[in-house]
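Written below as structure tokens is the structure these notes are about.
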2 protein chains.
Amino acid sequence: MSKQPRTTQGVGTKGMPRKDRERLILEAAAEEFGVKGYAGGSTARVAALAGITKPMIYEYFGSKDSLYLTCLDEAGTRLVEAVASAQQGPSDLSRAVRTLEAVFRALASRLHDWELVYDATLPPDGPLHDAATAYRRELNRLGAVGVAEFLHASPEVEPLDADLVTHLWYGTVSAAVSWWRHHPEQTADEMAARFERVVAVLCPDLWAASDQRRQG
Amino acid sequence: MSKQPRTTQGVGTKGMPRKDRERLILEAAAEEFGVKGYAGGSTARVAALAGITKPMIYEYFGSKDSLYLTCLDEAGTRLVEAVASAQQGPSDLSRAVRTLEAVFRALASRLHDWELVYDATLPPDGPLHDAATAYRRELNRLGAVGVAEFLHASPEVEPLDADLVTHLWYGTVSAAVSWWRHHPEQTADEMAARFERVVAVLCPDLWAASDQRRQG
DNA sequence: CCAAAGTGACCGCTCGGTAAGTTACCCGAC
DNA sequence: GTCGGGTAACTTACCGAGCGGTCACTTTGG
């Protein structure tokens with residue numbers, strides 16, 4: 001990290017270019033941390049997954065925290081962008097379906113990204129926790145806007161209730177992603193269609209209303 | 001564990017009776033494992049929380065796994081009983097509310113019990129994983145029955161969809177418990193009332209239907 | 001005085017992280 | 001063309017800390 005990184009193959013280059021190796025390590029780290037969590041993940045195993053040894057991890061990323069942080073930033077950015085892009089359009093139940101569809105598409109073949117942001121084994125303070133909290137808060141903010149607009153017709157809902165709904169909503173997203181992890185043969189589109197079907201059954205009237213509004 | 005336990009104070013008894021110390025340790029362990037998870041939890045910290053030293057933990061429970069298993073059995077039994085007791089009555093949305101209310105009551109001042117059963121840092125095999133899986137499966141079975149009866153009016157729902165709904169339902173329960181952990185000033189009854197209010201807003205028609213049926 | 005309760009010190013292991021040495025590559029000299 | 005030599009890439013071997021777990025010893029109370 002202290003040395004000047006080279007973007008192209010240069011003198012002394014052995015094996016593969018720095019960028020490629022970096023990607024390989026990041027991919028391995030996302031896999032390891034996504035499955036075993038921050039606390040349970042081991043840098044040596046990340047190295048083995050990437051086909052190198054532990055000191056290389058430290059040559060490239062400096063520390064376990066910094067490595068996790070890099071993965072976290074990529075995952076968090078991807079998720080925030082996906083969710084933000086789905087917030088346009090009508091403020092009804094269809095937005096929830098659109099959001100989940102966007103998340104599914106962003107996460108396709110990268111299912112561990114969600115766990116990276118919502119990892120429960122992160123240290124309770126420090127920069128890692130702060131970064132993860134920032135992404136969660138940003139996602140929460142986006143979700144809360146949707147929830148607020150959705151609940152707008154019901155002014156009797158107090159703020160704490162709205163906060164609970166937002167929390168429940170992300171619990172639902174978490175559960176959907178977790179279910180997907182146990183059924184990896186499903187595609188993102190199939191997952192989105194399945195969720196839409198389920199919503200239609202669970203909230204028939206609200207769904208019919210939004211469906212009608214969308215088609216009318 | 002190998003020695004004959006004494007239920008009352010006897011010769012050589014120092015400090016407090018065995019049963020009391022056992023409870024103290026179990027309480028400390030549930031706290032530690034509930035907050036830090038199985039992998040992150042340390043027997044030495046459990047001992048410190050209980051006001052003794054590490055070898056006592058092993059005198060009383062033999063191993064970290066055995067200690068966790070004892071906590072897990074208590075938590076799992078409590079939760080299964082609570083959920084099972086709420087499965088009587090009409091098979092509509094009100095059953096979900098009743099179930100969550102029962103869970104909230106069972107968990108009052110023992111919020112970590114839920115994490116004990118759904119701890120993600122448990123080893124991927126072995127007796128601990130088996131035990132936790134058994135409790136999850138039992139809870140899932142109870143939940144699936146409710147979901148099936150609830151979805152009974154919609155025969156077009158395929159089995160995989162029902163499985164997803166069950167998963168989403170427990171994701172919701174998890175999220176509700178997690179929200180409670182962040183708002184510890186709420187009582188179990190307040191939490192139940194809050195959830196009921198939220199359900200009434202989110203699924204107005206279904207809720208009105210079950211409400212009407214319950215009162216008619 | 002004796003048995004049970006309780007502890008300090010230790011073992012082997014794995015962790016995150018590091019220092020020092022080895023290997024492979026590019027490039028200029030011949 | 002090939003042949004060192006310098007530099008970046010990479011590895012082996014190690015450190016201190018904390019883990020689960022154990023043993024020999026001391027304290028305590030009937």
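Chain letters run A, B, ... following the sequence lines, proteins first, then strands; residues in each count from 1.
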Does a side-chain N or O of Y60(A) approach OP1 or OP2 of dC10(D) to a distance below 4.0 Å, or not? yes
Can you measure from OH (Y38(B)) to CG (L69(B)) and round to the nearest 0.5 angstrom? 10.5 Å
If you measure only the distance, is there a donor-acceptor pair under 3.5 Å linking the side chains of D92(B) and W207(B)? no
Considering only heavy side-chain atoms of T43(B), the closest of dT12(D), dG17(C), dG20(D) is dG20(D)
OH of Y58(A) versus P of dT18(C): gap in Å, rounded? 8 Å
Residues Y68(A) and L116(A): closest non-hydrogen pair is OH-O, 2.8 Å
Does T53(A) make a side-chain N or O approach to OP1 or OP2 of dC10(D) shorter than 4.0 Å? no
Phosphate OP1/OP2 of dC10(D) contacted by R21(A) side-chain N/O (<4.0 Å): yes
Do Y170(A) side-chain atoms and L139(A) backbone N/O form a donor-acceptor pair below 3.5 Å? yes
N or O in side chain of R45(B) less than 4.0 angstrom from dG18(D) OP1/OP2: no
With rounding to the nearest 0.5 Å, note down the distance linking CZ in R21(A) to CG in L24(A). 6.5 Å
In numerical order, the residues of residues 24-42 of chain B whose heavy atoms come under 4.0 Å of DNA chain D are G41(B), S42(B)
S63(A), nearest nucleotide to its side chain (from dT12(D), dG17(C), dG20(D)): dG17(C)
Do D65(A) and S63(A) have a side chain donor and acceptor closer than 3.5 Å? no
Length of the NZ-C1' vector between K54(A) and dA19(C), whole Å: 13 Å
Please answer whether the main-chain N or O of S174(B) pairs with a side-chain N or O of S178(B) as donor and acceptor at a distance below 3.5 Å. no
Checking only heavy atoms, does the side chain of K64(B) share a donor-acceptor pair with the base of dG21(D) at less than 3.5 Å? no
Does any N or O in the side chain of W180(A) come within less than 3.5 Å of the main-chain N or O of Q186(A), such that one atom is a donor and the other an acceptor? yes
note: E59(B), atom CD; dA24(D), atom C1'; distance rounded to Å ~ 14 Å
Return no unless some side-chain N or O of R18(A) is found under 4.0 Å from OP1 or OP2 of dA9(D). yes
Given atom CZ of F61(B) and atom P of dG6(C), what is their separation to the nearest angstrom? 13 Å
For the pair made of CD1 in I52(A) and C1' in dT12(D), what is the distance, rounded to whole Å? 15 Å
Nearest-Å distance for atom pair CE/C1', residues M56(A) and dT23(C): 13 Å
Got a sec? Which of residues 118-128 of chain B come in under 4.0 Å of DNA chain C, heavy atoms? none
Give the rounded distance in Å between these two atoms: CE of M16(A) and C1' of dA8(D). 15 Å
For the side chain of P55(A), starting at C-beta, report the closest nucleotide among dG17(C), dT18(C), dC23(D). dT18(C)
For the residue pair S42(A) / E32(A), report whether a side-chain donor-acceptor contact shorter than 3.5 Å exists. no
Quick one about D119(A) and T121(A) (side-chain donor to acceptor, distance below 3.5 Å, no hydrogens or angles considered), yes or no? yes
